[in-house]
Undergrad: 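Below is the structure I would like to discuss, written out as structure tokens.
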Amino acid sequence: MAFFNMTIAEASQQMANGSMRCVDETGRALSLIDAADAGLHAFLSVNNNGALRRAEALDNLPVSEKKKLPLFGIPIAIKDNICTKDIPTTCGSKMLENFVPPYDATVVEALQNAGAVIVGKTNMDEFAMGSSTESSAFGKTHNPAGKNHIPGGSSGGSAAAVASGMVPAALGSDTGGSIRQPCSHCGCAGLKPTYGRVSRYGLVAFASSLDQIGPIASDVRDIGRLLEAISVADERDSTNARKPYRDDPSYYSTDIPNLKIGLPREYFGEGLSETVRRPLAALLDRMKGCGAETVDVSLPNVNYAVATYYIICTAEASSNLARYDGVKYGHRSTAASMLGDLYTQSREEGFGNEVKRRIMIGTYVLSSGYYDAYYLKAARVRTLIARDFEQAFTACDVIMSPVAPTPAFRIGEKTSDPLQMYLTDIYTVSANLAGIPGISVPAGRSPEGLPIGVQFMARQWHEGTLLKAAFAAQQLSQ
Ligand code: GLN
């Protein structure tokens, strides 16, 4: 179910020329949220008044101004770890329950400059740690395609908001798959850009060397348009490469002669369910029918990707989350009388179990006695994984892979076994470790009717190639 029965570019154009009105479309998004979100819980806060005021102001602009704005009047939802001025930004955590940022993240500013309307903030795993949106301190989100199933995570709220048609687009963040995996489970498209493409200024840090913000939408063309809008050069993030993405209509065709699709043998072996393998194989046949070629490639070190990722991301998280001590940032306990107790009590009350687990693992792998055995080794393996991809891309343009080993699992199925949950990230974490872009697009459904996505990955800065493959896949899967 899509919010518009046209692309964002077309809707935006219609609003600019007056055949649709921004207030009507924003009003429609707000009523859909009002009607449907009680059953899904995709939103943590809704910007009712702010959004309508903004839409009215947009409708009052001169037509010549309206036409310059690439996202004119488009209602957008934002993951709740991305700072929005005067709108709560909780990160799905009690620690930040009362945080109202005094500034906008660069991506939010960029969306506003492009004419978008921020309609609300979406639910997520606490501090983006998780694969199911079950670790939010404010309740779970349900999958719109099957209410007893998880929507994926950690950007489960954003994916569910788009897939259910409450909004045409959303932003998520992806540290190890948190955009791609929920999009695969809910049935929409989501992109993790090249590391450094999109500014992280105003994104609450989880693991700084892996985090990227990216767009979620129903159509791959919308993804390109949104990426162009948010990938502005930004001096406020020292890891921003200042390489804005330029969209190009030539990416969007099913004519894909000589597109070389690499199939890593490590990704199609053991552990992948038949339910996921089947639609991917069918899609591949159709892509070959449109001129694509397939190449067998190998990524010998990806078997270590999950272990490497969970060492690096926990190490960085333990450091990034040290600031939440009830004094510098975050929830302050009223139960403590001494300073030391204040720190521990505030963290004890403010953080949930998964966040505490990660801080403990991260502190352990960085401790002086274990640093060489864990963190340093993981940093080295990370380089080997990045090299595996470089090598593979000498033989192909894009790599095709599953997004997750199975369709969305049931709510509660993996909460008591964190390791099982971590293992479901097997196909997504490598793109973050290597800093390359990855996209998930719907490829089919399970016999139960649950969506199944396909992932494409490309070389750094080659989002264009990625969108080309993804658009063809989208058209051929319909
Ligand atoms: N599921 C992964 C984790 O739990 C990825 C999270 C993310 O990308 N933010 O760390």
Side-chain angles (χ1 to χ4, degrees), residues 78-82 91-93 122-136 141 150-159 170-186 190-193 195 198 200 203-216 305-318 320-321 351-362 365 378 382 402-406 408-409 413-415 417-440 453 455 457:
I78 309 282
K79 187 176 181 179
D80 214 21
N81 58 350
I82 300 175
C91 259
S93 180
T122 55
N123 200 10
M124 53 182 284
D125 282 298
E126 185 175 6
F127 281 97
M129 298 173 188
S131 311
S132 66
T133 314
E134 292 171 292
S135 80
S136 165
T141 296
I150 55 118
S154 63
S155 313
S158 287
L171 292 188
S173 70
D174 191 311
T175 305
S178 280
I179 291 176
R180 291 160 285 156
Q181 184 257 25
C183 286
S184 173
H185 285 340
C186 290
L191 170 86
K192 180 204 89 76
Y195 185 79
V198 175
R200 293 182 295 111
L203 168 69
V204 178
F206 161 14
S208 314
S209 78
L210 302 160
D211 298 340
Q212 271 291 286
I213 296 171
I216 296 175
V306 171
T308 306
Y309 168 80
Y310 276 95
I311 290 172
I312 291 175
C313 83
T314 53
E316 293 188 23
S318 70
N320 275 326
L321 272 60
F351 289 138
N353 286 344
E354 183 58 28
V355 174
K356 286 178 186 156
R357 181 179 299 121
R358 304 243 182 156
I359 292 173
M360 286 192 284
I361 299 173
V365 299
R382 180 181 190 171
V403 183
T406 62
F409 47 88
E413 198 179 313
K414 295 192 198 282
T415 35
D417 191 345
L419 206 56
Q420 281 306 315
M421 185 87 86
Y422 297 170
L423 287 171
T424 64
D425 297 336
I426 178 151
Y427 303 115
T428 49
V429 294
S430 297
N432 303 73
L433 290 169
I436 59 173
I439 191 168
S440 164
Q455 172 173 231
M457 292 177 274

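Ligands are counted one by one from 1 in listed order, and the atoms in each one are counted from 1 as well.
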Undergrad: Compute the shortest N/O to N/O distance between M129 and ligand 1 and return yes if it is under 3.5 Å, no if not.
TA: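 Min N/O separation from ligand 1 is not below 3.5 Å for M129.
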Undergrad: Can you list the ligand 1 atoms lying under 4.0 Å from a non-hydrogen atom of A128?
TA: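 So the answer, numbered in order with elements, is 6 (C), 7 (C), 9 (N).
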Undergrad: Quick one: look up the protein heavy atom nearest atom 3 (C) of ligand 1 and list residue, atom name and how far away it is.
TA: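 For atom 3 (C) of ligand 1, the nearest protein heavy atom is Y310 OH, 3.2 Å.
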Undergrad: Taking it one step at a time, do R358 and C313 satisfy side chain to side chain contact (heavy atoms under 4.5 Å, CB included)?
TA: CA-CA 8 Å; R358 304 243 182 156; C313 83; 3.9 Å; yes
Undergrad: What part of T175 sits under 4.0 Å from ligand 1 if we count only heavy atoms: the side chain, the backbone, both or neither?
TA: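 It is both backbone and side chain that touch ligand 1.
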Undergrad: Less than 4.5 Å apart, side chain to side chain, heavy atoms only: is that true for T175 and Y309?
TA: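 SC-SC contact between T175 and Y309 confirmed.
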Undergrad: Measure across M457 and I436 and return the closest heavy-atom pair with its distance rounded to 0.1 Å.
TA: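 Closest heavy-atom pair between M457 and I436: CB-CD1, 4.0 Å.
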Undergrad: Measuring from non-hydrogen atoms of M421 to any atom of ligand 1, is the shortest distance under 4.0 Å?
TA: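 Under 4.0 Å: no for M421.
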Undergrad: Can you name the closest pair of heavy atoms from A128 and S173 and give their distance?
TA: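 Scanning both residues, the minimum pair turns out to be CB-OG, 4.3 Å.
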Undergrad: Go through ligand 1 atom by atom and flag the ones less than 4.0 Å from a non-hydrogen atom of D174.
TA: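 Checking each atom against D174, I get 8 (O).
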Undergrad: Does F127 have its ring centroid less than 6.0 Å away from the ring centroid of F206?
TA: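 Ring centres of F206 and F127 not closer than 6.0 Å.
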Undergrad: With a 4.5 Å limit on heavy-atom distance, are the side chains of R200 and Q212 in contact?
TA: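 They are in contact (side-chain heavy atoms under 4.5 Å apart), so the answer is yes.
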Undergrad: Could you check atom 4 (O) of ligand 1 against the protein and tell me its nearest heavy-atom contact, residue, atom and distance included?
TA: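 Closest protein heavy atom to atom 4 (O) of ligand 1: R358 NH2, 2.7 Å.
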Undergrad: From atom 9 (N) of ligand 1, work out which of G153, S132, S178 has a heavy atom at the shortest distance.
TA: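 Residue with the shortest heavy-atom distance to the ligand atom: S178.
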Undergrad: Taking S154's backbone N and O only, do any of them form a donor-acceptor pair with S178's side chain (distance below 3.5 Å, no angle check)?
TA: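 Indeed, once roles are kept as given, a pair shorter than 3.5 Å links the two residues.
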Undergrad: Using salt bridge (charged side-chain N to carboxylate O under 4.0 Å, His left out) as the criterion, point out the one residue from R180, K79, K192 that pairs with D174.
TA: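 Going through R180, K79, K192 one by one, the salt bridge (charged side-chain N to carboxylate O under 4.0 Å, His left out) with D174 is satisfied by R180 alone.
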Undergrad: Considering the heavy atoms of S154, write down every atom of ligand 1 situated less than 4.0 Å from one of them.
TA: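 Answer for ligand 1: 9 (N).
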Undergrad: Indicate yes or no: does an N/O atom of S131 lie under 3.5 Å from an N/O atom of ligand 1?
TA: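 Between S131 and ligand 1, an N or O pair is found under 3.5 Å apart.
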Undergrad: So which heavy atom in the protein is nearest atom 5 (C) of ligand 1, and how far is it from that ligand atom?
TA: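 Nearest neighbour among protein heavy atoms for atom 5 (C) of ligand 1, to 0.1 Å: Y309 OH, 3.2 Å.
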Undergrad: Could you tell me how the ring of Y310 sits relative to the ring of Y422: parallel (under 30°), tilted (30 to 60°) or perpendicular (over 60°)?
TA: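 Y310 vs Y422 ring planes: parallel.
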Undergrad: Give the atoms of ligand 1, by number and element, whose distance to some non-hydrogen atom of F206 is under 4.0 Å.
TA: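 This gives 9 (N), 10 (O) as the contact atoms.
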Undergrad: Between G176 and ligand 1, does any nitrogen or oxygen pair lie at a separation below 3.5 Å?
TA: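 Between G176 and ligand 1 (N or O atoms, distance only) the closest approach is under 3.5 Å.
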Undergrad: Of all the non-hydrogen atoms in the protein, which one sits nearest to atom 2 (C) of ligand 1, and at what distance?
TA: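 In this structure, atom 2 (C) of ligand 1 has D425 OD2, 3.1 Å as its nearest protein heavy atom.
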